[in-house]
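To keep things clear, I will list the structure first and then write my remarks on it.
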Protein chains: 2
Amino acid sequence: MSQRPPLTRERIIETALHLIDGQGLGRLTMRRLGDALEVEAMAIYHHLPHGKEQLLEQLIAHVAAHPVPPGAGDVRDRLRAWAGGYRDRLLDHVGVMPLIVTRRNPGALMATTQSVQDLLRTAGRTEAEAAVGAHTLLGYLLGVVALDAREQAAETAPDLDRDGRFRAGLDGVLAAIA
Amino acid sequence: MSQRPPLTRERIIETALHLIDGQGLGRLTMRRLGDALEVEAMAIYHHLPHGKEQLLEQLIAHVAAHPVPPGAGDVRDRLRAWAGGYRDRLLDHVGVMPLIVTRRNPGALMATTQSVQDLLRTAGRTEAEAAVGAHTLLGYLLGVVALDAREQAAETAPDLDRDGRFRAGLDGVLAAIA
DNA sequence: ACCTGAACACCGTTCAAGT
DNA sequence: ACCTGAACACCGTTCAAGT
């Protein structure tokens, strides 16, 4: 008798993310999520009282919240490393990109943006420069991931060096802001 | 007796866009679209045999396809003007942004990207520089619109100069690529 | 050719009931 | 407290029928 692990918010979120990564956002339904959790769909509402809307907000938070870690060293190097990690995470969960771009849960992305802005501020930029810089870098990251995801879908030029192109573009953006 | 104008693909697309702009993507359903067109929902299938999927593809094409117009003059000036217009269009139809970021209809965005790449190529950049430049500029544009849309939803700092911040970031990106 | 109406499988969610 | 089961309103779509 394989005992089912207890139903928790974390397990729900993780399973939903796994479902999206494997089958796409369109196939995430409360009923299918219930099946994957070996539970009736209605049981989910006990842990997420606001239903699917709340589930999606949690997914956005889980993927999009990725603040720059504290540390020292050259600002551009720190931002370069952080941006690479953020891009990897977003590409691992491209299925949630449409959610991140939605009006739902605006806080998740804004907290991440704020952390970049704070870093730039600490590094000596003016408040206005830091705001423009953080907005530009985050915009570049989000948009480039969206473009890469589409290219993958279209499957044109499979020999394309997406990583190299990203790093080249990133260096340009970093030169402009930091 | 107000005669209903004939049902055409264009009228369907326009009405759907109007519905999204006013009520959001989540409220676009075939049945509601039928109501807005003063027709049974099933009539739409006669003009879009592949149903909602085809409708969404058309909406993406309508909003995201925005190639750089032919012309002469300073490359940065041309790209600046074009980018401003593209941003305005995307902001006018933020509701379709989640669709643009989806894997559906990859061609629409890629054609736009290609037009930027061609412009950079004609202006003397190498093929690789043009590819990185087009990808960087398009990425910046898409991502920044997504961020702006979220900020609008959160309604923090209503005195924020979003247009100025965009132009400042755009100048940085243009300096890096053109 | 163009549109309608009934029908089907599926969806999110409420609500009363079980343990 | 935690989960189930039936029910409701809604969805996209098929298919036969109308004109």
Side-chain angles (χ1 to χ4, degrees), chain A residues 1-62 95-96 98-99 102-105, chain B residues 1-62 95-96 98-99 102-105:
Chain A
M1 304 285 114
S2 74
Q3 281 288 65
R4 168 171 66 60
L7 199 56
T8 63
R9 232 147 101 132
E10 281 104 57
R11 247 189 92 232
I12 295 171
I13 311 290
E14 274 166 29
T15 307
L17 210 51
H18 191 258
L19 229 155
I20 292 175
D21 293 341
Q23 318 223 42
L25 185 57
R27 293 188 65 82
L28 173 68
T29 72
M30 298 302 270
R31 281 165 159 101
R32 263 196 280 256
L33 182 53
D35 283 349
L37 292 161
E38 290 178 79
V39 98
E40 289 299 313
M42 301 312 121
I44 299 168
Y45 286 80
H46 194 266
H47 301 266
L48 296 170
H50 294 94
K52 193 167 189 183
E53 197 64 25
Q54 191 177 4
L55 173 64
L56 299 183
E57 279 181 22
Q58 300 283 330
L59 291 175
I60 295 172
H62 194 274
V96 315
L99 294 179
T102 304
R103 283 179 163 77
R104 265 181 294 254
N105 192 5
Chain B
M1 303 282 115
S2 75
Q3 282 287 63
R4 165 172 70 58
L7 198 55
T8 63
R9 234 149 101 133
E10 281 103 57
R11 246 188 93 231
I12 295 172
I13 310 291
E14 272 166 30
T15 308
L17 210 52
H18 191 258
L19 228 155
I20 292 176
D21 293 342
Q23 319 222 41
L25 186 58
R27 294 188 64 82
L28 173 68
T29 71
M30 297 303 269
R31 280 164 160 99
R32 262 195 279 256
L33 182 54
D35 282 350
L37 291 160
E38 291 179 79
V39 99
E40 289 300 311
M42 299 315 118
I44 299 168
Y45 287 80
H46 193 265
H47 300 266
L48 296 169
H50 294 95
K52 194 168 189 182
E53 197 64 24
Q54 190 176 6
L55 172 65
L56 300 183
E57 279 180 23
Q58 299 284 328
L59 291 174
I60 295 172
H62 195 273
V96 313
L99 294 180
T102 304
R103 281 178 164 78
R104 264 181 294 254
N105 192 3

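Chain A is the first sequence line, chain B the second, and so forth, proteins listed ahead of strands; every chain is numbered from 1.
With rounding to the nearest 0.5 Å, the separation of CD in B:E53 from CG in B:N105 is 10.0 Å. To the nearest 0.5 angstrom, B:L7 atom CG is 4.0 Å from B:H47 atom NE2. To the nearest 0.5 Å, the span separating NZ on A:K52 from CG on A:L59 amounts to 10.0 Å. Distance check, rounded to the nearest 0.5 Å: CD of A:E14 to CG of A:L37 gives 10.5 Å. Here the CG atom belonging to A:L56 is positioned 9.5 Å from the CD1 atom belonging to A:I13, to the nearest 0.5 angstrom.
A:H62 NE2: 12 or fewer foreign heavy atoms inside a 6.0 Å radius.
The stretch residues 17-26 of chain A has no heavy atom under 4.0 Å from DNA chain C, so no residue of it qualifies as close. Residues of residues 44-55 of chain B that place a heavy atom closer than 4.0 Å to DNA chain C, in numerical order, are B:H46, B:H47.
Within 4.0 Å (heavy atoms only), A:R32 reaches sugar-phosphate atoms of the nucleic acid but no base atom.
Smallest separation of non-hydrogen atoms from A:I44 and A:G34: CD1-N, 3.9 Å. Closest approach of B:L55 and B:M30 over heavy atoms only: CD2-SD, 4.2 Å.
Mapping A:V39 and A:R31 onto DNA chain D by nearest heavy atom places A:V39 closer to the 5' end of the strand.
Closest to the A:M42 side chain, of the nucleotides D:dT13, C:dT13, C:dC3, is C:dT13. Taking only side-chain atoms of B:T29, from C-beta outward, the nucleotide of D:dC3, C:dT4, D:dC11 with the closest atom is D:dC11.
With A:L25 as reference, A:L99 is the one residue of A:L99, A:L19, A:V96 to meet the side-chain contact (heavy atoms from CB on, under 4.5 Å) rule.
Between the side chain of B:R32 and the backbone N or O of B:R27 there is at least one donor-acceptor pair closer than 3.5 Å. The main-chain N or O of B:P5 is found under 3.5 Å from a side-chain atom of B:R11 such that the two form a donor-acceptor pair.
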inquiry  = Wobble G-U and Watson-Crick pairs count when both distances are under 3.5 Å; given that, what is the 5' to 3' dot-bracket string of DNA chain C, with | for pairing to other strands?
reply    = ||.|||||...|||||.||
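Nucleotide D:dC2 holds its P atom 10 Å from the CG atom of A:L7, rounded to whole Å. Protein atom CE of B:M30 is 17 Å distant from nucleotide atom C1' of C:dC11, rounded to whole Å. Atom pair A:E40:CD and C:dT19:P shows a separation of 15 Å (rounding to whole Å applied). Atom CZ of B:R27 and atom P of C:dC11 are 21 Å apart (whole Å). In this structure, B:L33 atom CG and D:dG12 atom P are separated by 9 Å, rounded to whole Å.
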